[in-house]
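Here is the structure we will look at, set down as structure tokens.
Just so you know, ligand 1 is whichever comes first in the structure, and atom 1 is the first atom listed for that ligand. As a basis for the values below, the full set of heavy atoms in this structure was taken, side chains included, without hydrogen atoms, waters or symmetry mates.
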Amino acid sequence: MSAPTFLSLGLSPSLANACTQAGFSTPSPIQVEAIPALLRGQDLLGLAPTGSGKTAAFALPLLQRFVVGRQEGFRRVRVLVLVPTRELAAQVGDVFLRLGSSPTRPLKLAVVHGGVSVNPQMMRLRGGADIVVATPGRLLDLLERNAVRLDTVQALVLDEADRLLDLGFAAERERVLAALPAQRQNLLFSATFPPDVQALADALLHDAVRVAAASQAEALPQIDQRTIAVDASRRTELLRHLVREGGWRRVLVFVATRYATEHVAGKLASRGVQAAPLHGAMSQSQRTRVLEDLRAGTVNVLVTTDLAARGIDVPGLAVVVNYDLPRSPDDYVHRIGRTARAGASGAAVSFVSAATEAHMRLIEKRQDVRLPREQVAGFEPLELAPPVPAEAGAGGIKGRKPNKKDRLRAAAAGQGGGPQGSVG
Ligand code: AMP
């Protein structure tokens, strides 16, 4: 049998052409499985890890079924996509626009999310829209203002459903669902599958086809996963060293707190690295700008919280650094999935200290891998040294003698901050 093409999956020539224009030469595995089922109108449960091409997997068939070729002047909302974050809303919107705009009938798309003024979004919805991509809170706000009607929706997508559940979105999600017609096609995508996603899937889906892009471990083959043993207090220095020595470009660094994003980015910037923070307390325009700067290469190192762990697609992102380890092994998969997207290769480097060693083991166990702990000359961990008083360690470590500052740092690291939150 010959390899599937977008045409052979049942897509129209104009949509198949849009795929070629977007640079997609062949459908990805999840697209091969999902597109025919969705064109038949089936519900779908997608276990789709990051970077699998899942957005196009749902955008293409929904465009074909509900949007492309319709002639009416006023647009009724046929497709609603709910996403957990503003950045993901913008990104999903871009995919629809890229694939669904035709010269004869431009796609009318409304991307609505919080953090920006509501008025332009109300204006945009005034003449109707084919597709709404929304975060739940702002969508409810618009519903209450009668700025949007959802009673014509024919397909609902919950993207990153696990996240829509765990951020306390449940109440908002139920209110949105109540505004939709009962008869509709339902699609639920999730990279991970905790029990509450299963419960939501059971409640929402009818005779759904289940597609899995690949198991998590199989889905991340091109990512070179590394761990480096380093004392917590020396991570910022090590990071700067690695960026400089490795000539790293486009690096995403994950830390545990908003404060740490600012602190670490500030320290790097003061030492000549093009670094910037990204966190949820920044304004939407600031958040958009730093992501654009990273994509454009004017920012080299973006230091962020788990805000950026999911959904964000930065082409050419070469390295992901876990400065602080993620709390859950699932988040590890999401974080490192920011690199090596769409078949490219990438590296994921995790800093492991004596205090976080056990947690790293847990992450490895869930991934079914065991990674060697590397050491970088000049940054060998003192905390892993045999249990001798800090002073006695002098001279015992190859390559570098701990100075007074080191000893103070070691003492501070020993006092607190914990495995997740300390900054160096
Ligand atoms: P997603 O999993 O939807 O976030 O997609 C990840 C990346 O894969 C995006 O940059 C897409 O543009 C790209 N992509 C999606 N489908 C294909 C395809 N069939 N061939 C090549 N790249 C694709």
Open item on the list: With heavy-atom distances below 4.0 Å as the criterion, list the atoms of ligand 1 near Arg98.
Closed with: 12 (O)
Open item on the list: Given 3.5 Å as the limit, does a donor-acceptor pair link the side chain of Ser101 with the main chain of Leu97, or not?
Closed with: yes
- [ ] Using distance alone, determine whether Gln91 and ligand 1 share an N or O pair under 3.5 Å.
- [x] no
Open item on the list: We want to know whether Arg65 and Gln185 form a side-chain donor-acceptor pair, criterion being a heavy-atom distance below 3.5 angstrom.
Closed with: yes
- [ ] Tell me whether the centres of the aromatic rings in Phe189 and Phe58 are closer together than 6.0 Å.
- [x] yes
Task: Proximity to ligand 1 by part of Thr26, non-hydrogen separation under 4.0 Å - done: backbone
Open item on the list: Give the atom numbers and elements of ligand 1 that come within less than 4.0 Å of a heavy atom of Ser28.
Closed with: 19 (N)
TODO: Determine whether the side chains of Asn322 and Arg335 contain a donor N or O and an acceptor N or O closer than 3.5 Å.
DONE: yes
Task: Any Phe58 heavy atom less than 4.0 Å to ligand 1 - done: no
Task: Polar atom proximity, Gly53 to ligand 1 (N or O, under 3.5 Å) - done: yes
TODO: Run the numbers for me: atoms of ligand 1, each under 4.0 Å from some heavy atom of Thr55, listed by number.
DONE: 1 (P), 3 (O), 4 (O)
Task: Sub-4.0 Å atoms of ligand 1 with respect to non-hydrogen atoms of Phe6 - done: 19 (N)
Open item on the list: Under a plain distance cut-off of 3.5 Å, with no hydrogens placed, do Thr236 and Tyr323 share a side-chain donor-acceptor pair?
Closed with: yes
- [ ] Using modelled atom types only, decide if a donor and an acceptor are shared between the side chain of Arg184 and the backbone of Pro181 within a distance under 3.5 Å.
- [x] yes
Task: Side-chain donor/acceptor of Gln274 to backbone N/O of Val301, under 3.5 Å - done: no
- [ ] Determine whether the side chain, the backbone, both or neither of Phe189 has a heavy atom under 4.0 Å from any heavy atom of ligand 1.
- [x] neither
